[in-house]
Undergrad: 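Dumping the structure here so I can ask a few things about it.
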There are 2 protein chains.
Amino acid sequence: MTSNALTRKLDRWEHLSDDDQVTLAAISGRIEPVARHKQLIEEGDDPRIVFLLIEGWAIRYKILPDGKRQIVAILLPGDLCDIHVFILDRMDHGIAMLTAGKIVRIPKDTMLAVVDQNPAIARALWWTTLVDEAVLREWLVNVGGRNAYARVAHLLCELYVRMGNVGLVTDGRMSLPLTQADLGQALGLTPVHVNRMLSQLRGKGLVTFRAFQLRILDLDGLIAAAGFDPGYLHGKRPERTIGSWSRPRRNSTAKLPESPA
Amino acid sequence: MTSNALTRKLDRWEHLSDDDQVTLAAISGRIEPVARHKQLIEEGDDPRIVFLLIEGWAIRYKILPDGKRQIVAILLPGDLCDIHVFILDRMDHGIAMLTAGKIVRIPKDTMLAVVDQNPAIARALWWTTLVDEAVLREWLVNVGGRNAYARVAHLLCELYVRMGNVGLVTDGRMSLPLTQADLGQALGLTPVHVNRMLSQLRGKGLVTFRAFQLRILDLDGLIAAAGFDPGYLHGKRPERTIGSWSRPRRNSTAKLPESPA
DNA sequence: CGTTAAGTTGAAGGCGCTCAACCGACGTGG
DNA sequence: CCACGTCGGTTGAGCGCCTTCAACTTAACG
């Protein structure tokens with residue numbers, strides 16, 4: 001039960017030896033429960049601790065000058081809340097629990113020591129941060145380029161794959177502890193409109209979402225609606241092959257608009 | 001002239017010894033010119049080389065299934081095109097020159113060796129990637145949460161600061177080799193609307209932008225229009241103090257909308 | 001049973017998009 | 001040297017996606 005979500009996740013990228021697994025288990029020793037909506041780090045803080053999310057969901061967010069909250073990442077069990085933020089002097093965003101859950105606090109020094117002595121772990125962790133960044137890029141594409149309907153569908157696809165990667169999808173069903181307002185804040189949409197888009201998705205028989213349970217009824221349909229291509233998640237050795245991604249190869253003759261001298 | 005932009009930039013974070021500077025100069029040995037619009041890496045490629053941008057501008061972008069291009073990052077002189085992407089097996093985005101310029105190709109192995117042997121450089125590089133990610137987050141906030149007017153203003157603020165950080169702003173003027181269409185692709189707006197927003201900014205006496213020259217007329221006004229807070233750029237030892245950022249402290253009683261169990 | 005959070009639905013309005021025409025600068029070639 | 005094509009920018013008119021505002025329903029929980 002310890003940090004299974006993390007080892008399972010890392011192991012999908014780079015095979016971890018038993019020693020490595022033990023090391024990971026070791027730093028995951030002191031698991032502590034956290035309450036729903038607990039702020040783990042606030043913007044402006046000096047980050048000295050890395051959080052490993054064992055159980056529950058969390059979000060990374062920023063607050064706009066007018067008070068609006070923009071969610072910039074959704075953290076699932078097994079995710080690290082920025083491995084190396086401590087290089088920076090000041091958090092430029094906050095992290096908060098969405099649900100109650102369990103975390104491990106890893107002090108900066110421990111983190112550095114582990115990374116120093118276990119190249120395999122270091123590489124695996126490195127990989128996770130790059131994937132985080134890739135996800136961030138895709139989110140930008142999502143809100144920058146897709147309409148509301150596809151945008152919602154895309155987020156659902158992503159979460160479905162990521163949850164599957166840590167073994168938290170069973171039979172097309174998964175927990176999705178976000179309110180429609182939360183979804184809106186992640187997608188740059190109003191809660192009302194998120195609601196309408198979800199209705200549409202339900203109407204087309206693609207998904208249902210009630211009582212924070214998401215159920216995928218027609219994955220291929222959802223993928224098509226979203227224009228989803230899981231390549232950016234950089235998955236390897238998928239636990240279970242999901243859908244039929246024959247990589248919906250994009251129009252390779254796509255026009256690339258131009259620029260000046 | 002070599003890699004001054006890079007050393008100048010890195011030095012702002014962590015003081016680099018003469019040795020470090022020499023090392024950096026060494027890997028910057030083979031500078032090669034690149035043509036305007038040259039694709040440096042394409043989506044799907046297996047990244048084996050890191051590009052250091054010496055001169056000119058480049059963009060990181062993704063293509064949507066419908067052919068639309070979303071710019072996910074703007075790379076200025078001194079920027080590295082992802083130091084460690086080679087951990088990933090496959091590029092999830094493309095990088096292309098916007099202008100003609102000069103680059104250095106750094107093979108993966110060289111990169112690893114330098115980082116291995118020069119902790120100061122490693123940390124400085126590490127820092128740059130974290131800043132890149134912070135910028136990405138702010139972009140997401142920008143397109144997700146701001147209206148078109150503030151969005152344009154915000155991007156201009158950011159580029160102004162970043163260009164200033166590498167010494168490429170003189171007297172409130174800088175080169176900005178993006179067409180209005182390019183700006184639109186970075187901001188999730190249409191070219192026409194970017195045009196109108198720029199007109200408004202000009203109308204209010206904040207900036208002028210003609211012939212790819214940006215001129216800031218009223219920095220404080222622009223900052224206010226954008227709701228800009230440079231904290232996310234994690235600047236240290238600014239080359240020149242810019243404006244009067246007394247950190248427009250956000251409404252600390254801002255409401256944080258809630259979520260479920 | 002009363003209260004609070006979340007979801008649902010309707011109506012109206014606006015921000016940004018679409019379509020389209022036109023201008024100006026620049027480069028090329030006849 | 002002018003004609004023309006291209007590229008980027010500018011402006012106008014109309015439309016539609018999404019927002020805003022508001023009322024109401026449903027679920028959870030004391």
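Values below: every heavy atom of this structure, side chains too, minus hydrogens, waters and symmetry copies. Chain letters run A, B, ... following the sequence lines, proteins first, then strands; residues in each count from 1. These numbers come from a predicted model, not from an experiment.
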Undergrad: Using whole Å, report how far CZ of A:Arg36 lies from P of C:dT4.
TA: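 So the CZ-P distance, A:Arg36 to C:dT4, works out to 16 Å.
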
Undergrad: Measure the distance from CE on A:Met197 to C1' on C:dT9 and round it to the nearest whole Å.
TA: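 For the pair A:Met197 CE and C:dT9 C1', the rounded distance is 13 Å.
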
Undergrad: Look at all strands and tell whether B:Gly188 reaches a base, only sugar-phosphate, or nothing, counting heavy atoms closer than 4.0 Å.
TA: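 Contact class for B:Gly188: sugar-phosphate only.
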
Undergrad: Return the value, rounded to whole Å, for the distance between atom CG of A:Asp66 and atom P of D:dT20.
TA: 10 Å

Undergrad: Counting distance only, does the side-chain N/O of B:Asp66 pair as donor-acceptor with the main-chain N or O of B:Lys68 below 3.5 Å?
TA: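 Here the side-chain-to-backbone pair exists.
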
Undergrad: Using OP1 and OP2 only, check whether a side-chain N or O of B:Asn195 sits under 4.0 Å from D:dG9.
TA: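 Checking D:dG9 against B:Asn195, no side-chain N or O comes under 4.0 Å of OP1 or OP2.
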
Undergrad: To the side chain of A:Ala148, which of D:dC18, D:dG8, C:dT18 is closest?
TA: D:dC18

Undergrad: How long is the straight-line distance from CG of A:Leu80 back to CZ of A:Phe51, given to the nearest 0.5 Å?
TA: 11.5 Å

Undergrad: Want to settle it: does A:Leu189 or A:Ala211 sit nearer the 5' end of DNA chain D, counting the closest nucleotide to each?
TA: A:Leu189

Undergrad: Using the side-chain contact (heavy atoms from CB on, under 4.5 Å) definition, which of the options B:Leu222, B:Leu189, B:Asn195 pairs with B:Val152?
TA: B:Leu189

Undergrad: Kindly point out which of C:dT18, D:dG8, D:dA22 is positioned nearest to the side chain of B:Val192?
TA: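 Within the option list, the nearest is C:dT18.
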
Undergrad: What is the distance, rounded to the nearest whole Å, between atom CZ of A:Arg202 and atom P of C:dG7?
TA: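 Spelled out: CZ on A:Arg202 to P on C:dG7 is 11 Å.
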
Undergrad: State whether a side-chain donor-acceptor pair under 3.5 Å links B:Glu43 with B:Tyr61.
TA: no

Undergrad: Could you give the CD-to-P distance, from B:Gln213 to D:dG8, as a whole number of Å?
TA: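 Between P of D:dG8 and CD of B:Gln213: 17 Å.
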
Undergrad: Pick one: which of B:Gln185, B:Arg69, B:Met97 meets side-chain contact (heavy atoms from CB on, under 4.5 Å) with B:Ile59?
TA: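 The passing option is B:Arg69.
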
Undergrad: I need the CD-C1' distance between B:Gln200 and C:dC15, as an integer number of Å.
TA: 11 Å

Undergrad: Quiz question: going by heavy-atom distance under 3.5 Å, is there a donor-acceptor pair between the base of C:dG7 and the side chain of A:Arg196?
TA: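 Counting by modelled atom types and ignoring angles, no donor-acceptor contact under 3.5 Å is found here.
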
Undergrad: Output the rounded distance in Å from CG (A:Leu198) to P (C:dG7).
TA: 9 Å

Undergrad: Does B:Gln180 make a side-chain N or O approach to OP1 or OP2 of D:dC7 shorter than 4.0 Å?
TA: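 Looking at the OP1 and OP2 atoms of D:dC7, neither is under 4.0 Å from any side-chain N or O of B:Gln180.
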
Undergrad: Grab the NE2-C1' distance between B:His193 and C:dC19 for me, whole Å please.
TA: 16 Å

